[in-house]
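Since the structure is predicted, the reported quantities are computational estimates derived from the model, not experimental observations. In what follows, every chain begins at residue 1, and chains take the letters A, B, ... in the order their sequences are listed. Heavy-atom basis, side chains included; hydrogens, waters and symmetry copies ignored.
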Protein chains: 2
Amino acid sequence: MGSGQARGRGGGRPTLEEVAARAGVGRGTVSRVINGSPRVSEHTRAAVEEAVAELGYVPNTAARALAANRTDSIAVVVPEPESRFFAEPYFSDIIHGVGTALADTDMQLVLTFAGGDRERRSLAQYLSAHRVDGVLLVSVHADDPLPDLLQQLAIPAVISGRRSADEPLASVDSDNFAGARAAVDHLLGRGRRAIATITGRLDVYGAQRRLDGYREALAEAGHSVDEALIARGDFTEDGGRRAMTELLARRPDLDAVFAGSDVMAAGARQVLREAGRRIPADVALVGFDDSAIARHMDPPLTSVRQPIAEMGRTMTDVLLAEIADTRPATARHLTRQQIVLPTELVCRESS
Amino acid sequence: MGSGQARGRGGGRPTLEEVAARAGVGRGTVSRVINGSPRVSEHTRAAVEEAVAELGYVPNTAARALAANRTDSIAVVVPEPESRFFAEPYFSDIIHGVGTALADTDMQLVLTFAGGDRERRSLAQYLSAHRVDGVLLVSVHADDPLPDLLQQLAIPAVISGRRSADEPLASVDSDNFAGARAAVDHLLGRGRRAIATITGRLDVYGAQRRLDGYREALAEAGHSVDEALIARGDFTEDGGRRAMTELLARRPDLDAVFAGSDVMAAGARQVLREAGRRIPADVALVGFDDSAIARHMDPPLTSVRQPIAEMGRTMTDVLLAEIADTRPATARHLTRQQIVLPTELVCRESS
DNA sequence: ATCACACATGGGAGCGCTCCCACCCTACCC
DNA sequence: GGGTAGGGTGGGAGCGCTCCCATGTGTGAT
């Protein structure tokens, strides 16, 4: 009935068959032209393309998906309640990058949310039903079962920010280690000696790497690392405040702080202000992310920029390559790419 | 071959037919159970549900879409290069809201980009092919042809921020007029008298409404509106800077500025600083959006909060209702909803 | 001229589902 | 007891495409 209606009103959308009739060829031939197969003569191709243009033919995706067993779409899995993701600037930038990479293809982007338990379950179902050709995982925790599920289902997937040093999935990450080192080197270069750090949640691999970079920079400069200068935050502003308060209590003589995120730096800044420390005169402050907050903070915050949009783009490219790879899954995992993109220190007045 | 493989490895995903066989019923009955039809006996339903659970059956969307002529997905159209959208906090929040509303359904969210000319064309194709059941349009310009295309194709659509006073599409907007009035009333209440405003691009209806609210608030308080106190920005930081520079040149005696967005307020703040004006002592500043920038600015910026996530949620609800509405399109447009959500002034130190 | 082979092409089969019609069976009524 | 609803059910038809096999049709080698 529904389809009958559709056909009734003004002829509806043309089908492959109608294009074939119009071009005076068979269904198979039109299909070949549509899909860019080389096994079509130049002459026939032209005729078909003309018919397509005249009829304004657009392939029916559902039919194609059903027959070809692919969907021409990829999913981005959004860990909803983890506000780190919906916060500046991660989400927008990643999506922006993904969109850019997808613009050259006819793949569609499906946004799925893996927030609560219910969503996770329905997401698992969704993926099990192979409703997408590949998956982009963003901001995954070390103990998330989703990556394993994907591997088990043999669904191509790329993760942003690997979960550990030996990530089994393909991954794209920014160089957290080098970024942190650059930040601390910068502070050392400015003559700071008692450099504290506020870490993110250490079950996030990137946060751990930033801490590693902090340690490495100090060690390389011949300084020993005072554990009292390390406070653990949780990527939130409030966590930054708490950590900063701790640090001031433990080492009132500190003269610099490297925060694992701009948001935590913002929290730290407040506490420093309230404690009467001037930035950067008394205490230099460096953040991570180079978000809008950094630019608009007072004083503008020196921060480590991550190429987030580029990460999105790169992830997508890697995923598309994995999807196109027709080798059996067993061979594929040998060449899984682990890409690390460079970070960049953006110097502003806070240091 | 592809499907043959899929069946080969471990039995593949079960089909309706297999569930039917397992439950000892016909295909039609299983379909009825899956789709929640009431015309199934309690006993049969239980048997089918058991078979579904045992087999881990998940319906094949492509097949369903093909047979039923619907897709169970909606699109959000992202006007990519307009950075106003990808900027704080619009994009994330809208998407967040949409995701929330969609969580209770089995609808999927497809993100499409209408950036360049090429994307617009392929988007038009995509929509013409009825690859989604409905469309959410965000941040549309007055002269965008997309809404008309959608109307012509009779695809349910909801627009955020209507394009004009008589928007033919269903729309959800925040109360820009009242928000602006509240901001200006607040400034008047603080004794400010020379209140300037920096507008957004006036081809965006919301920006126009904010300006209208500014005018109305002054008029209602018995003040005449000095056109020299109105400068046009473009929603960018740089535009805010330029507009502020203009304003200071024209009316050096101004004692308050209402900016049509936080980002423009940030630009204005810089110029004010450089001109040696203290905020709020010399000049009070109010923004619009209540973004992260507002909270972290120095001093923290008074701003008009829009319920953006709620707008996303509401838009989705309206869209789902339109999709569910089976009346002919001619009857439908009579009841198109035009929803306006309240804004709220968030007072901080800048005013 | 004959065979072989490659390339171009047509169309059958089938993907997994929904829709709908026909059927059956069980009340219930006259 | 026969007739009549009507709910419950099975299964044919078909959605528009891809895949692949069978069938031309032309070229070069023998």
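- Distance CZ (B:Arg70) to P (C:dT18): 7 Å, rounded to an integer number of Å.
- Among C:dG16, C:dA8, D:dC17, the nucleotide with an atom closest to any side-chain atom of B:Ala63 is C:dG16.
- Side-chain contact annotation: B:Thr61 with A:Arg131, donor-acceptor N/O pair under 3.5 Å present.
- Residue B:Ala68 places its side chain closer to C:dT18 than to any other of C:dT18, C:dG14, D:dG10.
- A:His130 has its NE2 atom 17 Å from the P atom of C:dC15, to the nearest Å.
- The 5' end of DNA chain C is approached more closely, in terms of each residue's nearest nucleotide, by A:Pro38 than by the other of B:Arg32 and A:Pro38.
- Projected onto DNA chain D by closest heavy-atom contact, B:Gly26 and A:Asn60 fall at different nucleotides, the more 5' of which corresponds to B:Gly26.
- Note on B:Ser31: a side-chain N or O is less than 4.0 Å away from OP1 or OP2 of C:dT18.
- Distance CG (B:Leu16) to P (C:dC19): 12 Å, rounded to an integer number of Å.
- At least one side-chain nitrogen or oxygen of B:Asn35 sits closer than 4.0 Å to the OP1 or OP2 atom of C:dT18.
- Residue B:Glu17 contributes atom CD, which lies 9 Å from atom P of C:dC17 at whole-angstrom precision.
- For B:Arg27, whose side chain is taken as the heavy atoms from C-beta onward, the closest listed nucleotide among D:dG16, C:dT18, D:dT18 is C:dT18.
- The A:Thr15 side chain lies nearest to D:dG16 when the options are D:dG16, C:dT9, D:dG8.
- At least one donor-acceptor pair closer than 3.5 Å links the side chain of A:Gln338 to the backbone N or O of A:Glu167.
- Of the candidates D:dG8, D:dT18, C:dG16, D:dG8 carries the atom nearest the B:Arg39 side chain, counting heavy atoms from C-beta on.
- Without hydrogens or angle criteria, A:Thr29 side chain to A:Val25 main chain gives no donor-acceptor distance under 3.5 Å.
- Here the nucleotide nearest the side chain of B:Arg64, chosen from C:dA8, C:dC17, D:dG8, is C:dC17.
- Relative to the side chain of A:Leu66, the nucleotides C:dG16, D:dC17, C:dG10 differ in distance, and C:dG16 lies closest.
- What separates CZ of B:Arg45 from P of D:dG8 is a distance of 10 Å, to the nearest Å.
- Remark: A:Glu50 does not engage A:Arg22 in a salt bridge, criterion side-chain N to carboxylate O under 4.0 Å.
- Relative to the side chain of A:Ala67, the nucleotides D:dT9, D:dG14, D:dT18 differ in distance, and D:dT18 lies closest.
- Dashed line: the shortest gap from a side-chain N or O of A:Ser41 to OP1 or OP2 of C:dC7 is not under 4.0 Å.
- If you measure from atom CD of A:Glu18 to atom C1' of D:dC17, you get 13 Å, rounded to the nearest angstrom.
- Once rounded to the nearest 0.5 Å, the distance linking OG of B:Ser31 with CD of B:Glu17 reads 12.0 Å.
- At least one side-chain nitrogen or oxygen of A:Thr29 sits closer than 4.0 Å to the OP1 or OP2 atom of C:dG10.
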* Asked: Does the side chain to side chain contact (heavy atoms under 4.5 Å, CB included) test come out yes or no for B:Leu109 and A:Val110, once each step is laid out?
  -> CA-CA 6 Å; B:Leu109 172 58; A:Val110 177; 5.8 Å; no

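- As rounded to whole Å, 17 Å separates atom C1' of D:dG7 from atom NE2 of B:His43.
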